[in-house]
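Lettering of chains follows the sequences in order, A, B, ..., and the numbering in each one begins at 1.
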Amino acid sequence: MIDQRFDPKAHEQRIYQRWEESGCFRPSMDTSAEPYAIMIPPPNVTGSLHMGHALNNTIQDILCRFERMRGKNVRWQPGMDHAGIATQMVVERKLAANGNQDRRSMGRDAFVEKVWEWKEESGGTILNQLKRLGASCDWENTKFTLDEDLSVAVNKAFVDLYNEGLIYRAKRLVNWDPQFQTAISNLEVENKEVDGHMWHFKYPLAGGQTYTYVEKDADGNVTLEETRDYISIATTRPETMLGDGAVAVHPSDERYAPIVGKLCEIPVGPKEFRRLIPIITDEYPDPEFGSGAVKITGAHDMNDYQVAKRGNIPMYALMDEKGFMRADGEAYAEVAVVALRIAEGKEDFDEAKISAMNLVPDQYRGLDRFEARKAVISDITAEGNAVMIADPKHKDEETEAPLIPYVENKKIMQPFGDRSGVVIEPMLTDQWFVDAETLAKPAIAAVREGQTKFVPENWDRTFYNWMENIEPWCISRQLWWGHRIPVWYGADGEVFCAQTLSEAQALAGDGVVLEQDEDVLDTWFSSGLWPFSTQGWPEETDGLKTFYPGATLVTAFDIIFFWVARMMMMGIKFMDGEVPFKDIYIHAIVRDEVGKKMSKSEGNVIDPVDLIDGIDADALVAKRTTGLRQPEKAPQVEKSTRKRYPKGFDAYGADALRFTLAAMATKGRDINLSVDRVAGYRNFGSKLWSATRFAQMYETGFDASVNPSSLGLALNQWIIGELYKCCEQVSEAIEDYRFNDAADAAYHFVWDVFCDWYLELSKPILQGDDGPEKDEVKAVLGWTLERIFALLHPFMPFITETLWEQTAERSSFLMQQKWPGLDHGFFNQDASDELGWVLKTVSQIRSVRADVNVPAGAKVPASLVGANEETARRVEAHRDVIMRLARLEKFEIADAAPAGSVKTVVDEATVVLEIADLIDSGEEVERLDKQLGKLNGEITGLEKRLGNEAFVAKAPPEVVAEQRERLTDLQGTRDKLSLAREQLAAI
RNA sequence: GGUCGAUUAGCUCAGUGGUAGAGCACUGCAUUGACAUUGCAGGGGUCACAAGUUCGAACCUUGUAUCGACCACCA
């Protein structure tokens, strides 16, 4: 006999170890079996399991276990991502904490060695957490993106793309992270709205020239006309004025037509060396916005960069890699003179010359960019070059309002590094790029042609939208942790791209001294190769042949661009045009139960491991309040956590968590995770456990063989039919990625049908005399339970495997058994009708008893009036069990009902409870009236519909017939009930 | 500005044109034998709003309102 309850802690890890040791997670490599592969989205080596991972991996595990049981050759490919920036950050912080070391003083090799040490010691806890969840990955084939074989793949991919011209080096404006001092891709930049200011400054015209500035309204009437010796500019980033190369206005802007082509002065820096820049036209400025004139700082703004390129405007870089104003090069006085000659067209320039020029005036050199901003603003204002307006604070006063500098407070979008959280600075630097546009085309086509399908399909719009507007992908990072770019330079900068140093040397020729590029590749470059690099590419391995393309990619939408798109591009490119996976299942983001994103700063994170192992309230609060960025938030977090989870979390176990996630995994977008539901599904596991215990009490034969088509009892035929129906529903739902439907179908069958009905119905037989009927029920009971174990196994692997193990001597694991319902579909309509009638009869009698307040324990005499032959037969067959479940003293066929009894109609017959003395006839009339009212409402509706000629003519005939039949049934019921009511009222 | 989505029971959510559903919560009853992590019964919804298509709309179309996500943005 199994224990009274299932204790997850006693079994989960033990069972997992047994599975792993026996090699159950390895692919069968059975050549006759259909291959089935899922590539895990490799978690960061620094990562630890969060709810998103738990959902993601539960879904993958359900698919893998399901397909494995269906006989497929399954590889769930696990591994980890080296996560360049994140990992380097972790280790750098750790070094700083332990003795103030920094990577630059250590040197590259020593630092990288440290990271490896850290990886071996602390990296990859997430993989062990996945095991706690029950993930059936092929662990023996675990890969890491920096493994030697994967690095070979990375180098080959790079070299091939380079040789085809799809990777190139260029000087471009890229997103620069001043904290990590590296370029990052567009995707790693998060644009956030922040409170900002827009300053308005005057750029004086060269040589004191003036012009007539005219503003007109929509009808062409002059609203302002004045003589100006300046052009007004608005900016949110005054410090970049130092690098302006021009002022641009729209070609159609009449206000500035008189001064286009003239020079104006940047009103900052030493007076005697003021730089002059040309006023040019470009389509970019919006005449409606600000003053209509835009300062062009090609080296520090993405839009200005385009304008500068079009107009051949020099792009002066102002900052160093830390985001400080440059302090290198010649003194400002000397450089400014050169810049003036360039602006006047008197001196030629090229890229190298411009980038060597440091146009930061001496007094700003070395300042942090935000300090420099303050200084620039105050200097310009002091000199009187700020645009002034009347102070709005004084607008109601009679005296003239004093003038103040024109500074607008407004929300501006600012780019932040998604890892560092600091403001990103566009910087002109040499970087490596992938020609993403070329690679994207076949990937777009593959989705359009249906070689790869998004599930739910509307995500393809998001995919197209991004892929069709894709920009060159910046793949070089100024980091040390990652795949070093396989490019070597000769002494004169000649480029040799090759997979190894010796190959590069061969290209360069003997004796040439080669230096390898210092940069590493974007982590996503190697992740993009994951579906084939993990299977041995570029070697033609069995793994590659068998498991490429994979079946399904399971991931969240926030990674479609980062990863999915790149795998599509790379997979098609390197695997002869074949897509890396057939389906892309995009699942929801897990939020807290009120729909808030889980975040450390909100203190609402639910750690999956806490739900599995349990955590008490104090520990939970402590966990949620430590590490908050805003300490003032902590007390609130503590309060809300204690209120919501006064007892912390029970140890619900992995199965309950998995089942919850599956049941909530609809094809919508968000999952609001409620701990109550986890508790509910933990109870479901207990229910199954105790049902098994029940079976054991009657010495049920587990491991028995049952032939569904040669059973004697309708009860058994019925439950097996229901089981198969359920198996089919679950299979179809999983195939269709409707995990919630699959979980619901299984839950409903096990609890509502099997436990609540089958077990109750079987009790009289199990507790009765020995004989063939009892033997059959015992066999079917055990057999059905075993199929239930199998059916639930993909969702609840631990408890089902434990039950399997503990109910009989087993020669193999449950996870290796056949998926139920494959071989013999069995459904007996007669048995289904018959048991349907039993269930209906019992339920209705129970309902009536409760309605008229018959004491729950009282046994009442009952009879059935108007039963046809078949019903009479059913009464004989099921009398015992009906009497037991409905608590009847007798249940007999009768010709007429005794007066004053309580009645309910089941199909053609009327059940009569002979309890006139127990009840108040007035209340009973009321009850019947209520039911009749409901019935009449429905009948009226149906009659109206069926009376509508258009309905009868146009609706499908089967629908009309169905409604007719329903109407007849309802009318029959109504007639019987109203007869009962009249009899009762007559007393 | 572009794109996608949501609005159904007190709460969290299913529901692809034909009788409005689940879990939790709530109410009443039930305690020796599988299970109180339980059982039985019950209350509770104008499916955001409006118009349209249709014999018939929670579902299709259009519009409105509110909320959300992503992308791109005005110096």
Watson-Crick or G-U wobble partner for B/rG56, using a 3.5 Å limit on both distances? none
Please give the distance between the C1' atoms of B/rA22 and B/rG28 as a whole number of Å. 22 Å
To the nearest angstrom, the CG-P distance between A/D756 and B/rC35 comes to 15 Å
Nearest to side-chain heavy atoms of A/D286, which nucleotide of B/rG18, B/rC29, B/rA75: B/rA75
Which nucleotide wins on minimum distance to the side chain of A/Q4, given the candidates B/rC70, B/rC55, B/rC35? B/rC35
Closer than 4.0 Å, any side-chain N/O of A/T297 to the OP1 or OP2 of B/rA75? no
Listed nucleotide nearest any side-chain atom of A/K954, set B/rG18, B/rC35, B/rC55: B/rC55
Just checking A/A856: base, sugar-phosphate only, or nothing, at a heavy-atom cut-off of under 4.0 Å? sugar-phosphate
Looking only at atom P, what distance separates B/rG21 and B/rG68, rounded to whole Å? 32 Å
Just call it for A/G292: base, sugar-phosphate, or nothing, with non-hydrogen atoms closer than 4.0 Å on any strand. base
Nucleotide of B/rA75, B/rG18, B/rC35 approaching A/K295 most closely (side-chain heavy atoms): B/rA75
For A/N948 and A/A850, take the nucleotide of RNA chain B holding the closest heavy atom to each; which residue's nucleotide lies nearer the 5' end? A/A850
Ring centre gap for A/F6 and A/W689 strictly below 6.0 Å: yes
Let's see if you can work this out: which of B/rA34, B/rG43, B/rA75 has an atom nearest to the side-chain heavy atoms of A/K410? B/rA75
Do the charged groups of A/D301 and A/R237 touch, with an N to O distance under 4.0 Å? no
Using 30° and 60° as the class boundaries, would you call the ring planes of A/F684 and A/Y681 parallel, tilted or perpendicular? perpendicular
Atom CG of A/D744 and atom P of B/rA14 are separated, to the nearest Å, by 11 Å
Could you grab the distance from atom CD of A/E760 to atom CG of A/L885, nearest 0.5 Å is fine? 6.0 Å
Out of B/rG42, B/rG39, B/rA14, which has the shortest distance to the side chain of A/N740? B/rA14
Look at A/R461 and B/rC4 and indicate whether a side-chain polar atom (N or O) is within less than 4.0 Å of OP1 or OP2. yes
Suppose we define a pair by two distances each less than 3.5 Å, Watson-Crick or G-U wobble; what does B/rU3 pair with here? B/rA69
Indicate, with a heavy-atom threshold strictly under 4.0 Å, whether A/R237 touches base, sugar-phosphate, or nothing. nothing
Identify the residue among A/R945, A/E962, A/E943 that makes a side-chain contact (heavy atoms from CB on, under 4.5 Å) with A/L967. A/E943
Which of the following nucleotides, B/rC70, B/rA30, B/rA34, is nearest to the side chain of A/R693? B/rA34
Partner lookup for B/rA50, please. Criteria are Watson-Crick or G-U wobble with both distances under 3.5 angstrom; report none if nothing qualifies. B/rU62
Separation of A/H748 atom NE2 from B/rG23 atom P, in whole Å? 9 Å
OP1 or OP2 of B/rA34 versus the side-chain N and O atoms of A/Y698: is any pair under 4.0 Å? yes
Check this for me: A/E468, atom CD, are more than 12 non-hydrogen atoms of other residues, nucleotides or ligands nearer than 6.0 Å? yes
Can you find an N or O donor on one side and an acceptor on the other, under 3.5 Å apart, linking the side chain of A/S686 with the base of B/rU37? yes
Quick one: is A/T666 getting a side-chain N or O under 4.0 Å of the B/rA14 phosphate, OP1 or OP2? yes
Can you see if the side chain of A/N683 gets near the phosphate of B/rU38 - specifically, an N or O under 4.0 Å from OP1 or OP2? yes
CZ of A/F659 to CZ of A/R677: how many Å apart, nearest 0.5 Å? 10.0 Å
How far does the P atom of B/rG63 sit from the matching atom of B/rG56, given to the nearest Å? 23 Å
Whole angstroms only, please: what is the OH-P distance between A/Y747 and B/rG21? 18 Å
Identify the nucleotide, in any strand shown, that forms a Watson-Crick or G-U wobble pair with B/rG23, with both distances under 3.5 Å; if there is none, say none. B/rC11
Separation of B/rU12 P from A/R677 CZ (nearest whole Å): 12 Å
Mind checking the C1' distance from B/rC26 to B/rU19? Whole angstroms is fine. 26 Å
From CG of A/D752 over to C1' of B/rC40, roughly how many Å is that when rounded to an integer? 13 Å
By the 4.0 Å heavy-atom rule, please label A/E760 as base, sugar-phosphate, or nothing. base
Sort out the partner of B/rG17 for me: Watson-Crick or G-U wobble, both distances under 3.5 Å, none otherwise. none
Identity of whatever pairs with B/rG44 - Watson-Crick or G-U, under 3.5 angstrom: none
Please determine whether a side-chain nitrogen or oxygen atom of A/W751 lies at a distance below 4.0 Å from atom OP1 or OP2 of B/rG39. yes
Please give the distance between the C1' atoms of B/rU53 and B/rC70 as a whole number of Å. 33 Å
Is the ring pair A/F649/A/Y645 parallel, tilted or perpendicular, if the boundaries are 30 and 60 degrees? perpendicular
What integer number of Å spans the C1' atoms of B/rU46 and B/rA20? 13 Å
Contact class for A/L759 (heavy atom, under 4.0 Å): base, sugar-phosphate, or nothing? base
Considering only side-chain heavy atoms of A/S690, which listed nucleotide, B/rG42, B/rA34, B/rA30, is closest? B/rA34
Nucleotide of B/rA75, B/rG18, B/rC35 approaching A/P956 most closely (side-chain heavy atoms): B/rG18
If each of A/G290 and A/S847 is mapped to the nucleotide of RNA chain B with the nearest heavy atom, which maps nearer the 5' terminus, i.e. the 5' end? A/S847
If pairing requires Watson-Crick or G-U wobble contacts with both distances under 3.5 Å, which nucleotide is the partner of B/rG33? none
Tell me whether A/Q767 at atom CD has more than 12 heavy atoms from other residues, nucleotides or ligands lying less than 6.0 Å away. yes
Rounded to whole angstrom units, what separation is found between the CZ atom of A/F557 and the P atom of B/rA6? 14 Å
C1' atom, B/rG44 versus B/rG1: distance in rounded Å? 44 Å
Short side-chain N/O contact from A/K944 to OP1 or OP2 of B/rC55, under 4.0 Å: no
Rounding to an integer number of angstrom, what distance separates B/rU61 and B/rU16 when you compare their P atoms? 14 Å
Given B/rC71, B/rU38, B/rC73, the nucleotide with the shortest approach to the side chain of A/F561: B/rC71
Please state how far atom CZ in A/F454 lies from atom C1' in B/rC4, giving the value in whole angstrom units. 13 Å
Output yes when at least one side-chain N/O atom of A/K934 is less than 4.0 Å from OP1 or OP2 of B/rU19, else no. no
Should the pair A/F454 and A/F463 be assigned to parallel (<30°), tilted (30 to 60°) or perpendicular (>60°) ring geometry? tilted
